[in-house]
Amino acid sequence: MSDSLPLSPRISDLARAAAPLPDYLRGLNPEQREAVETTEGPLLVLAGAGTGKTRVLTTRLAHILATGKARPWELLAVTFTNKAAREMRERITHLIGPSAEGLRWLGTFHSIAAQILRRHAELVGLRSSFTILDTDDQERLLKQLMEAEGIDTKRWTPRTLASLVDHWKNRGWTPAKLPGTEDFANGKAKSLYAAYQNRLKTLNACDFGDLLLHNLTILSEHADIAEEYRRRFRYILVDEYQDTNVAQYLWLRLLTSSTGNVCCVGDDDQSIYGWRGAEVDNILRFERDFPGAKMVRLERNYRSTGNILGAASGLIAGNRDRLGKTLWTEDEGGDKVRVRGVWDGEAEARLIADEIETARKTGLKYKDMAVLVRASFQMRAFEERFVMLAIPYTVIGGPRFFERAEIRDAHAYLRLIQSEDDDLAFERIVNVPKRGIGDTSVQKILHLARTAGISAMAAVHRLIESDELQARTRTALAGFARDLHRWRTLASDTPHPQLTEVILEESGYTDMQKADRLTGQTRLDNLKELVQAMQGFDSLQAYLEHVSLVMEMERASGDDSVQIMTLHGAKGLEFPLVFLPGWEEGVFPSQRSIDEKGEKGLEEERRLAYVGLTRARRDARISFAANRLVYGRWTAQMPSRFVDELPIDNVQPESETGYYGAAPSARQVQDRWSEGTTFGGGYDSPGWKRAQQRATSGSAQRTPPIDGVARRIESPATAAPSGQWSRGERVFHQKFGYGRIQGIEGNKLRVAFDKAGEKKVIDSFVEKA
DNA sequence: GATTAGGAAATTTTT
DNA sequence: TTTCCTAATC
């Protein structure tokens, strides 16, 4: 592509001719080189899946540094995730050595915005020590405000308001700039938003959205400050540009100088966070937004085979709003993408589990395989099956470490010790563990705090002196205050990990967890992990700052296990073999996406499908079920429209799947379905519908009813009668080993395992020992 | 102030 | 079906 461009006598061209090619430029293809060497002016790099995006990004930074165009601290490089930032830093260090440490402004949008905000906090009414609230704190705060307004928080949930506020902040709207009115709580949303922002100021806190929003206020109202940053950042680099929201876009505009050395890298076909405020438009409009912008397309794919690429490209071609690009690969051919219909969700899990074992025999490792689902509720079927067959697996995603209740409780203690004014932390743990300080007392404390304009802890001190509370409550509060005081004194000369241990012990938190036989052990383990994680930080302050911005924990990876994750979670990853189950209307594309966002929502779903397919290096396998158990009800499913949209040439429909439990009628339908000259369409046939009707005619049962046709039954879950267990009995479990039954609830057993601690397991997964 | 029973909801989630 | 949250009861 660059070959066909008219050659302009640029300095870099001359330099290129004169000097030998630096090592780091070797091995780049012409487009990649162009993306690296076009350092001046606005540049959009459209990087298709698997085209070496990260390599280009890091090489570009290295190039700018190596050629002396800028020093490390004059570069602004923004990513979306901490993981991406970390990876970029590592790879640059690999390229240019330790001087990469000088890249002060390489980080996520939020961490860089937080840095800037700390320097100018007073301009938006905060102190530079402000705390960053997470979504849970945010919702609790909003709930208080709503209750103070007498709003029915069942009819209008704090969560809905939180997402509204988030939405507004994503668009860069302060309460004053908010256009129009909302239906929410009879038009009170706007005033609630204003009240919330005020409350945040008194708490010296801000939420995630504020980090960007306050930056916008500062940069647009203080020209001198904006100018200072524009001069500082000589080169700007933005990763995943397709996922930026309006606020981030405005932020970039404010930081981009007139020389406009801004390079945005992204792929409009991989924009999958629209529901979180991402604007594909940002990338589609780039050339208009940054006059004189160049565009480089990276279209050579180094990851997938021709068939996978063909299937993905054919599918995404159905989207209208895209810049368009044609991925190609030298690795033509490869296996076709297999598409199979199965009877139900269980059959799908069985099929995939069996194929995992088969693939393993051909030399693939478990960790080379991934199951990518649309929504997390689909994961359970696979987990159950994998446990049964002892296939090691890892669920990526799930509840995040720092969001677990016990971790947040521990943090609340630490926050309250660090700053007595942290009312949210106070509220969270005044009565955790139970100290006999009930809801009414807490409300009294908070009321006094609010009316007197003091912190909750200050209110506590006052109330201890007064007689407004019962003597018993006063004693409890005094005890709590005394503990806090003691810990705070201790904090000055105790390393923070030990401090945390002391607090958890002395507060009775550990004992409280020990008393919980069900989840206590897991939680205590998590707390241990927390103390471990704290070791890596110089101070409590540094640690707390870190966790507020980094919601994830370094995952211990490296073990050989099948990865189960959502399609969203899979972005940026690749696997030799990828399973894509649940391609059914309503599931994928998700009905809700379509209901809420119509055609736009559908296009985003299609991009999600594209992301899923392009994760595969050698082999992608799509499946769909005729029947699925959704919230305990059997639902007839139609194959996803995306199945139809796959180009027939790259796809291999399989009809041998009857073995996996489909009734003949369903198999016939599948045969018909796969026979069509245009791919798909067959599910309109009477046979498919009949099969579905039969399935739905019965209400909730373990399997969809099949008239008189034997299906392959091998699941102990269906075979094993329950009620054969008794408490105290010794059992063996594939994954957790030996243990003793503590309790029985229906088909679930509470088992204290010798090694793995107490777990709830399905009875069919254990055998008598 | 703690326990329990009933009812509504149930995507995706980089910070 | 399960899970979480609120309201009613001890």
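This is a predicted model, so every value here is computed, not measured. Side-chain atoms are counted along with the backbone in the values below, which use heavy atoms only and exclude waters and symmetry mates. We name chains A, B, ... by the order of the sequence lines, and we start the count at 1 in each one.
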As a test of reading the structure: which of dT15(B), dT12(B), dA2(B) is closest to the side chain of Asn431(A), going by heavy atoms?
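Comparing dT15(B), dT12(B), dA2(B) against the side chain of Asn431(A), the answer is dA2(B).
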Compare the minimum distances between each of dT15(B), dT13(B), dT11(B) and the side chain of Thr108(A), then state the nucleotide with the smallest one.
dT15(B)
Which word best sums up how the rings of Trp583(A) and Phe642(A) line up, parallel for under 30°, tilted for 30 to 60°, or perpendicular for over 60°?
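Rings of Trp583(A) and Phe642(A): perpendicular, over 60°.
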Over 60° means perpendicular and under 30° means parallel, so classify the ring planes of His546(A) and Phe537(A), tilted if in between.
tilted
Rounded to the Å, how far apart are [X] [atom1] and [N] [atom2]?
X	N	atom1	atom2	result
Asn245(A)	dT15(B)	CG	P	14 Å
Arg140(A)	dC5(C)	CZ	P	12 Å
Lys600(A)	dT12(B)	NZ	C1'	18 Å
Leu629(A)	dT2(C)	CG	C1'	11 Å
Phe80(A)	dT14(B)	CZ	C1'	8 Å
Arg86(A)	dT14(B)	CZ	P	13 Å
Leu567(A)	dT13(B)	CG	C1'	14 Å

Taking only the side-chain nitrogens and oxygens of Asn82(A), find out if one of them lies under 4.0 Å from OP1 or OP2 of dT14(B).
no
For dT13(B), does OP1 or OP2 lie under 4.0 Å from any side-chain N or O of Thr566(A)?
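Answer is yes, contact under 4.0 Å.
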Nearest heavy atom decides the nucleotide; on that basis, is Ile437(A) or Ser593(A) closer to the 5' end of DNA chain B?
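Residue closer to the 5' terminus by nearest nucleotide: Ile437(A).
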Starting at the 5' end of DNA chain B and moving along, which residue's nearest nucleotide shows up first, Ser441(A) or Arg592(A)?
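Looking at DNA chain B, the more 5' nearest nucleotide goes with Ser441(A).
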Mind checking [X] for me? I need base, sugar-phosphate or nothing, with any heavy atom below 4.0 Å counting as a touch.
X	result
Lys143(A)	sugar-phosphate
Phe109(A)	nothing
Leu133(A)	nothing
Gly436(A)	sugar-phosphate
Lys434(A)	sugar-phosphate

So, do Tyr631(A) and dA10(B) meet the stacking rule of ring centres under 5.5 Å and planes under 30°?
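Tyr631(A) vs dA10(B): stacking yes.
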Measure from the ring centre of Trp275(A) to the centre of the six-membered ring in the base of dT12(B), then say whether that distance is under 5.5 Å and the planes meet at under 30°.
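Aromatic stack with dT12(B) present for Trp275(A).
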For the atom pair [atom1] ([X]) and [atom2] ([Y]), what is the distance rounded to the nearest 0.5 Å?
X	Y	atom1	atom2	answer
Leu446(A)	Glu427(A)	CG	CD	5.0 Å
Ile464(A)	Leu477(A)	CD1	CG	5.5 Å
Leu608(A)	Leu567(A)	CG	CG	4.5 Å

Check: dT13(B) base within 3.5 Å donor-acceptor of Arg276(A) side chain
no
Is there side-chain contact between Arg374(A) and Ser590(A), with at least one heavy-atom pair below 4.5 Å?
yes
Distance check, P atoms only: dT11(B) and dC4(C), in whole angstrom units.
12 Å
